[in-house]
There are 2 protein chains.
Amino acid sequence: MVTEDLVRAFDDAGFRLTGARQSVIDLILSRNGAFTTADLVDDARRRRLPAARATIFRTLEVLEQLKVVERLDLPNGSHSYIRCGSGHHHHVVCRRCARSVDLGDCGMSAVAAEVAQRTGFRIDLHRVEMFGLCPSCQTVVPT
Amino acid sequence: MVTEDLVRAFDDAGFRLTGARQSVIDLILSRNGAFTTADLVDDARRRRLPAARATIFRTLEVLEQLKVVERLDLPNGSHSYIRCGSGHHHHVVCRRCARSVDLGDCGMSAVAAEVAQRTGFRIDLHRVEMFGLCPSCQTVVPT
DNA sequence: GTTTTTGCAAACCATTTGCAGGGTC
DNA sequence: GACCCTGCAAATGGTTTGCAAAAAC
């Protein structure tokens, strides 16, 4: 059960397992791809779960530190969050349904190493995000 | 002269070549790496160039459409702009001095193609940003 | 002259914060 | 009981917008 992973990560790190936090985790698990803070706020209100806006933000912050959630910068400038395992990896996100797939390293470490070599930069961090249409959305919106 | 590139791009696209816009272009060219809107606002005030905050934002927006400036999302969540040529490419940015180097495609199209193959996604867009220390900043800040 | 652009200030919107009350260990 | 967490509402900070005056063509 995935819930447990998040819950365990939570109190292993010494955070209290409160009702509000469980609600947020629940909300996140109820979505399957990338989601925005506004999505969670709306879901919470709709499902009458106890989780104020500020708490949602604070909980996401914690989850981000725990590396079970990651924040993405969408091409249009807005932000999204996505649930994911730890370890170095990247995502491809469907621009229509927000479903996402974890890509692992997908060869980027090698690319980064080559770039470091070529430019003389010491590269500490690289970010890769890919956007497009997932298989099922391709059939719906052929463009 | 680089100024001309920006200026020409500007009126080729049917925009008026105003004093304020020339100031913004001038400000951008006076910086050599990535810069923030706040940088430009400060520079403008300091140099007494006519360019109000709103105009700076509006001009950057135009320059972005003209593909001579690109907006970057920094790892800390803030934004930066960078001057660059058109065509598909990525950057490596020094986290200390903001100097940046254009990386061209750097093998990413191939990576994207492989990911498309593997996941079934149709990939329309990918973004890559690398951060680290440029050669000269490495000598200053060894860490 | 007509149309675009500017500047200013106000509006916006997502996110953060202060603080008093409530919940958890 | 001590400390952590929550909710609310207010503050924030970057970005956008409305509008009348000014500049460009």
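Note on naming: letters A, B, ... go to the chains in the order of the sequence lines (proteins, then strands), and numbering restarts at 1 for each one. Computation of the quantities below employed the complete heavy-atom set of this structure, encompassing side-chain atoms and omitting hydrogens, waters and symmetry-equivalent molecules. Not measured: the values here are computed from a predicted model.
Residue Met130(A) is tested with Val93(A), Leu103(A), Val101(A) for a side chain to side chain contact (heavy atoms under 4.5 Å, CB included); the sole match is Leu103(A).
As rounded to whole Å, 11 Å separates atom P of dT15(C) from atom CG of Leu40(A). Straight-line distance from the CG atom of Asn76(A) to the P atom of dA14(C): 12 Å, rounded to whole Å. If you measure from atom CG of Asp39(B) to atom P of dT15(D), you get 11 Å, rounded to the nearest angstrom. Here the P atom of nucleotide dC13(C) and the CZ atom of Phe57(A) are 14 Å apart, to the nearest Å. Taking atom CD1 of residue Ile25(A) and atom P of nucleotide dT6(D), one finds them 11 Å apart after rounding to whole Å. Atom CG in Leu63(A) sits roughly 13 Å away from atom P in dC5(D) (whole-Å rounding). The NE2-P distance, from His79(A) to dT15(D), rounds to 10 Å in whole Å. At whole-Å resolution of the value, CD in Gln22(B) and C1' in dT5(C) are 13 Å apart.
When the side-chain nitrogen and oxygen atoms of Thr37(B) are compared with OP1 and OP2 of dT15(D), one or more of them lie within a distance under 4.0 Å.
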Contact pattern, 5' to 3', of nucleotides 18-25 of chain D - B, S or - by protein heavy atom under 4.0 Å: B----BBS
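Within a 6.0 Å sphere centred on CZ of Arg53(B), heavy atoms belonging to other residues, nucleotides or ligands number 12 at most.
Rounded to 10 degrees, the angle between the two end axes of the helix from dG1(C)-dC25(D) to dC25(C)-dG1(D) is 30°, with five pairs used at each end.
If you check the side chains of Arg47(A) and Ser30(A), you find a donor sitting under 3.5 Å from an acceptor. Using modelled atom types and a 3.5 Å distance limit, the side chains of Asp39(A) and Thr36(A) yield a donor-acceptor pair.
Heavy atoms of Ala51(A) sit under 4.0 angstrom from primed sugar atoms or phosphate atoms, though from no base atom. Among the protein residues, Arg21(B) comes within range of the sugar-phosphate backbone only, with heavy atoms under 4.0 Å from sugar or phosphate atoms but none that close to a base.
Projected onto DNA chain C by closest heavy-atom contact, Ala52(B) and Arg53(A) fall at different nucleotides, the more 5' of which corresponds to Ala52(B).
Using a 4.5 Å cut-off between side-chain heavy atoms of Ile, Leu, Val, Met, Phe, Trp and Tyr, with links allowed through other members, Ile82(B) and Phe131(B) fall into the same hydrophobic cluster. No path of Ile, Leu, Val, Met, Phe, Trp and Tyr side chains, each step under 4.5 Å between heavy atoms, connects Phe57(B) with Val24(B), placing them in separate hydrophobic clusters. Taking hydrophobic clusters as Ile, Leu, Val, Met, Phe, Trp and Tyr residues chained together by side-chain heavy-atom distances below 4.5 Å, Leu40(B) shares a cluster with Val62(B).
With respect to Arg127(B) and Asp73(A), no salt bridge is recorded, no charged nitrogen being found less than 4.0 Å from a carboxylate O.
Taking the centre of each ring, His90(A) and His126(B) stay at or above the 6.0 Å mark.
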